[in-house]
Amino acid sequence: MSIKRSQITRLPLARWLAIEFSAIVILSLLWTIESRLAGCSAFVGGLIFVIPNAYFAHRMYRYQGARNARLMVGNMFRAESIKIALTAVFFAAVFILMEPVHVPALLFTFAVMVVMSAVLRFLIRPQPRR
Amino acid sequence: MEMVFIAASIIIGLGALATGIGFGLLGGKLLESTARQPEMANQLQTKTFIMAGLLDAVPMIGVGIAMYLIFVVAG
């Protein structure tokens with residue numbers, strides 16, 4: 001049985017991504033005042049959050065509507081587990097592959113992005129299509 | 001050195017446990033309320049999405065700190 005995808009909600013993914021990328025660039029520029037390595041680490045820390053989060057938003061809104069409630073919840077669980085796994089893998093990759101890394105800049109930018117993303121979702125909510 | 005790995009595993013384990021409980025409750029309530037009022041499914045999904053972002057904020061930071069402990073402090 002094939003399940004039709006219904007797009008009831010317009011997800012402002014592009015707007016969220018634009019605001020988050022702007023915040024990453026601003027934070028990276030602020031960290032660049034300390035050193036170039038800190039700026040680079042801050043940018044990477046922001047990307048570690050934004051990429052899994054974008055995947056989570058995309059995956060969670062794959063199915064919509066009451067008919068697809070079961071698929072909706074199943075996709076939410078899968079999206080969350082993949083998001084946490086991706087974050088852990090990205091952190092491990094950065095700590096192994098990126099040899100000189102400014103850890104405070106990386107973790108600070110990551111933490112700021114986590115808080116900012118939650119606030120952003122409150123401020124710019126997905127709107128229903130009319 | 002072993003204590004660092006134990007600390008990292010406790011951080012990841014408790015974070016995963018709390019997120020699992022939270023998401024279980026959230027998903028259960030979403031299914032329940034969607035079954036009760038199917039016309040509200042769209043708005044309920046949006047609210048669930050917003051709450052999911054708040055729910056996994058602290059475990060995500062925990063994962064970052066645990067990876068730092070494993071690969072930088074212990075490694």
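Chain identifiers are assigned alphabetically (A, B, ...) following the order of the sequence lines, protein sequences preceding nucleic acid strands; residue numbering begins at 1 within each chain.
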Does one hydrophobic cluster hold both [X] and [Y], with members joined at side-chain heavy-atom distances below 4.5 Å?
| X | Y | result |
| --- | --- | --- |
| L37(A) | L27(A) | no |
| F71(B) | I6(B) | no |
| L55(B) | I21(B) | no |
| L13(A) | I24(A) | yes |
| L17(B) | L25(B) | yes |

Heavy-atom pair count under 4.5 Å with chain B, highest-scoring of L107(A), I84(A), V103(A): V103(A)
Straight-line distance of Q64(A) CD to N42(B) CG, nearest 0.5 Å: 6.0 Å
F77(A) CZ to T19(B) OG1 distance, which is reported to the nearest 0.5 Å: 12.0 Å
Heavy-atom pairs under 4.5 Å with chain A, option from T46(B), I65(B), L31(B), I61(B) with the top count: T46(B)
Pairs of heavy atoms under 4.5 Å with chain A: top-ranked of V63(B), V72(B), I50(B): I50(B)
Result of checking T48(B), L26(B), L30(B), T34(B) against V73(A) for side chain to side chain contact (heavy atoms under 4.5 Å, CB included): L30(B)
Side chain, backbone, both or neither of A16(B) within contact of chain A (heavy atoms, under 4.5 Å): neither
Heavy-atom contact with chain A under 4.5 Å, split by part of K47(B): side chain
Kindly check if the number of other-residue, nucleotide or ligand heavy atoms within 6.0 Å of [atom1] ([X]) is above 12?
| X | atom1 | answer |
| --- | --- | --- |
| R67(A) | CZ | no |
| M51(B) | CE | no |
| E2(B) | CD | no |

Worked check of side-chain contact (heavy atoms from CB on, under 4.5 Å) between F110(A) and M60(B): CA-CA 9 Å; F110(A) 182 77; M60(B) 289 281 279; 4.2 Å; yes
Parallel, tilted or perpendicular: ring planes of F95(A) versus Y68(B), cut at 30 and 60 degrees: tilted
Over all atoms of both residues, closest heavy-atom pair of A41(B) and G65(A): CB-C, 3.9 Å
Closest non-hydrogen atom pair between G64(B) and F91(A), with its separation: CA-CE1, 3.5 Å
Side-chain heavy-atom pair F122(A), L54(B) within 4.5 angstrom cut-off: yes
Test side chain to side chain donor-acceptor pair (under 3.5 Å) applied to N53(A) - qualifying residues, sequence neighbours left out: K83(A), S117(A), R121(A)
Give, as side chain, backbone, both or neither, the part of [X] having an atom under 4.5 angstrom from any heavy atom of chain B.
| X | value |
| --- | --- |
| A57(A) | both |
| M60(A) | both |
| F49(A) | side chain |

Residue pair Y61(A), Q45(B): steps toward the side-chain contact (heavy atoms from CB on, under 4.5 Å) verdict: CA-CA 8 Å; Y61(A) 275 91; Q45(B) 190 182 13; 3.9 Å; yes
